[in-house]
Amino acid sequence: MLKGTNASPGIALGKVLKIEHSEFEISKLNIENAEMEEKKLQDAVEESRKELIKVQDKAMKDFGEDKAKIFGTYLLVLEDPGFIDSAFEKIREDKVNAEYAISEVRDMFVDMFQAMDDDYMKERVADVKDVSSRIIRHILGIKHIDLSCLEEEVILVAHDLTPSDTAIMDKTKVLGFATNIGGKTSHTAIMAKSLEIPAVVGLKDITDRVKDGDYIAFNGSTGEVFINPDDKTIEAFKQLKAKYTKQKEELQGLIGKETKTVDGRIVELVSNMGSVKDISGILKNDAEGVGLYRTEFLYMEGEEAPSEEAQFEAYKTVLEALNNKPVVIRTLDIGGDKKLPYLKIEEEMNPFLGYRAIRLCLDKKDLFKTQLRALLRASVYGNLKIMFPMISSLQELLSAKAILEEVKVELKQEKLSYSENIEVGMMIEVPSAAIISDILAKYVDFFSIGTNDLIQYTCAVDRMNEKITHLYNQFNPAVLRLIKLVIDNAHKAQKWVGMCGESAGDERMIPILLGMGLDEFSMSPISILPARKLINSLKYEDAKKIADKVLGLETDEDINNYIKSLINK
Ligand code: PEP
Ligand code: MG
């Protein structure tokens with residue numbers, strides 16, 4: 001049995017499929033038999049073609065023409081005689097191995113496209129790279145698994161899954177994930193929750209302990225993982241799964257009910273989301289709105305930034321589906337563990353402290369304005385609220401707001417309509433913002449506290465690093481004091497304040513946050529009904545006492561023990 005971090009609840013039992021993001025090294029070999037290398041290349045090109053046609057068909061069925069087009073472009077590269085023939089020539093003339101020949105041709109084409117003064121051609125660089133990697137993988141016999149196109153139900157085991165893996169994954173085939181690295185608030189964990197797929201992360205070396213086809217059983221609520229368990233354990237897990245399903249069914253009785261404490265305090269219980277694919281889960285779990293739409297996942301789905309039109313369609317779809325319930329859409333929060341290869345951002349020493357989120361958007365103004373245009377245009381289809389991420393000073397907030405105003409003026413000139421009463425808010429996830437929240441509150445309509453980052457920045461603990469998860473603690477008194485300060489400052493300025501970090505859906509935090517006066521709780525859809533059950537069983541007056549007591553305690557351990565004692569009462 002292994003013990004990792006419980007990242008997404010639920011019980012998973014099934015066969016392992018290992019995902020390896022292998023970087024391959026290519027060396028130059030002088031070969032005797034050119035014919036054999038040519039044959040290798042020919043076969044690899046054929047395999048790649050078959051693979052691409054399959055993925056293209058699947059993308060067409062699942063995601064529509066837009067996504068399928070990417071693979072059509074790849075096929076064009078593969079069929080371009082200038083490209084493949086140059087590799088055959090290299091093998092024949094230079095007497096080099098097939099993979100080296102392709103890598104040379106790839107580099108030549110990449111340099112050529114990059115030097116062109118044409119954006120369309122520059123964008124082809126990514127296509128050439130992808131196609132070349134596919135061919136090289138086939139030559140070297142390296143397994144590649146396309147997560148959007150799985151043949152059977154599996155449990156994915158990986159060192160880590162990138163947010164872009166999870167964005168394309170076929171959730172009907174993935175029974176669960178288990179990864180070596182990552183913490184509760186890593187984006188892999190967050191995506192697993194939003195897809196309602198059980199997950200355990202931070203298992204350190206599970207990839208070395210299992211092979212494809214092994215059977216594993218795990219509990220996403222406790223972090224326990226059993227490898228090739230005996231019949232008795234399998235039976236116990238099947239029972240646990242049935243119990244979990246039953247509990248979920250019982251929660252259905254809360255659908256349509258208010259979220260209201262026994263003594264009448266009503267709070268808003270809303271959902272986090274990462275993609276329009278999450279809408280069905282949000283509606284099914286009876287969210288009262290959306291408290292955080294992480295739009296960066298929309299940017300991660302393709303090989304280039306989504307157009308204004310594509311964004312407009314996505315935002316409109318969400319706003320219409322939510323039917324006038326509030327929808328807080330956060331502007332692009334790329335950086336940290338969320339990468340966009342096409343932005344070509346240089347490697348940084350400290351990506352979480354680096355060129356991220358609003359910092360990047362204020363610098364890449366065109367990218368930012370495209371998103372704001374799409375948001376404003378979509379605003380007439382529902383109850384949109386716009387939120388800026390990672391604000392750390394008043395200047396940043398004012399700059400972001402000024403660009404929003406600029407975009408409004410442009411839309412007016414173009415006679416394009418937008419809603420006049422869009423609330424504009426910001427995330428509080430940087431300690432400097434929390435500390436000056438009295439100042440910031442004057443310039444926003446609302447705050448949403450992002451504890452995932454607020455904890456890591458306040459305590460200087462990387463949220464992704466499984467070696468220091470014991471230091472990453474929402475009960476750290478410093479974090480709790482900041483949260484209280486932010487809530488009080490928002491209320492003094494008569495502004496509402498929510499929370500969209502993972503703490504908002506945590507049953508141990510909910511009574512404290514409720515007692516501190518938090519107005520809105522935003523969480524994974526899967527946590528909504530359990531949170532409503534808990535809040536509806538509490539008294540606001542009691543919660544206030546709990547919050548006061550907690551704020552008087554000196555260590556996270558004391559707070560943890562105190563909360564545990566309440567839960568066990
Ligand atoms: C947060 O930091 O709490 C948050 C909600 O943003 P993200 O997890 O996307 O960084
Ligand atoms: Mg954040």
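We count ligands from 1, going down the list as the structure has it; atoms in each ligand are counted the same way. Every heavy atom of this structure was used, including side-chain atoms; hydrogens, water molecules and symmetry mates were not.
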So is K544 actually on top of Y540's ring, under 6.0 Å and inside 45° of the axis?
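The answer is yes, since K544 meets both limits relative to Y540.
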
Assess whether atom CD of E309 is packed by more than 12 heavy atoms of other residues, nucleotides or ligands within 6.0 Å.
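Atom CD in E309 is crowded, with more than 12 foreign heavy atoms closer than 6.0 Å.
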
With a cut-off of 2.8 Å, how many protein N, O or S atoms neighbour the Mg ion (ligand 2)?
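For the Mg ion (ligand 2), the figure is 2.
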
Using 4.0 Å as the upper bound for N to carboxylate O, is an ion pair formed by K369 and E406?
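Counted as a salt bridge, because a side-chain N and a carboxylate O are separated by less than 4.0 Å.
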
Verify, without hydrogens or angle tests, whether [X] (side chain) and [Y] (backbone) share a donor-acceptor contact under 3.5 angstrom.
| X | Y | value |
| --- | --- | --- |
| E296 | D333 | yes |
| S379 | S419 | yes |
| K401 | Y443 | yes |

Once salt bridge (Lys or Arg N to Asp or Glu O under 4.0 Å) is applied, what residue pairs with a partner in residues 524-536 remain, sequence neighbours excluded?
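Every salt bridge (Lys or Arg N to Asp or Glu O under 4.0 Å) pair that includes a residue of residues 524-536, provided the two are not neighbours, is D286-R532, E288-R532.
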
Between N560 and E557: side-chain donor-acceptor atoms closer than 3.5 Å
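Note: N560 and E557 side chains miss the donor-acceptor criterion.
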
Could you pull out all residues at least two apart from F446 that satisfy ring-ring contact (aromatic ring centres under 6.0 Å, His included)?
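In terms of ring-ring contact (aromatic ring centres under 6.0 Å, His included), with neighbours along the sequence ignored, F446 is linked to W496.
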
With a 4.0 angstrom cut-off on heavy atoms, strictly below it, pick out the residues next to ligand 1 and order them by chain and number.
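For ligand 1, the contacting residues are H187, I190, L292, R294, R330, D333, K338, R356, M427, E429, G450, T451, N452, D453, R463, C500, G501.
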
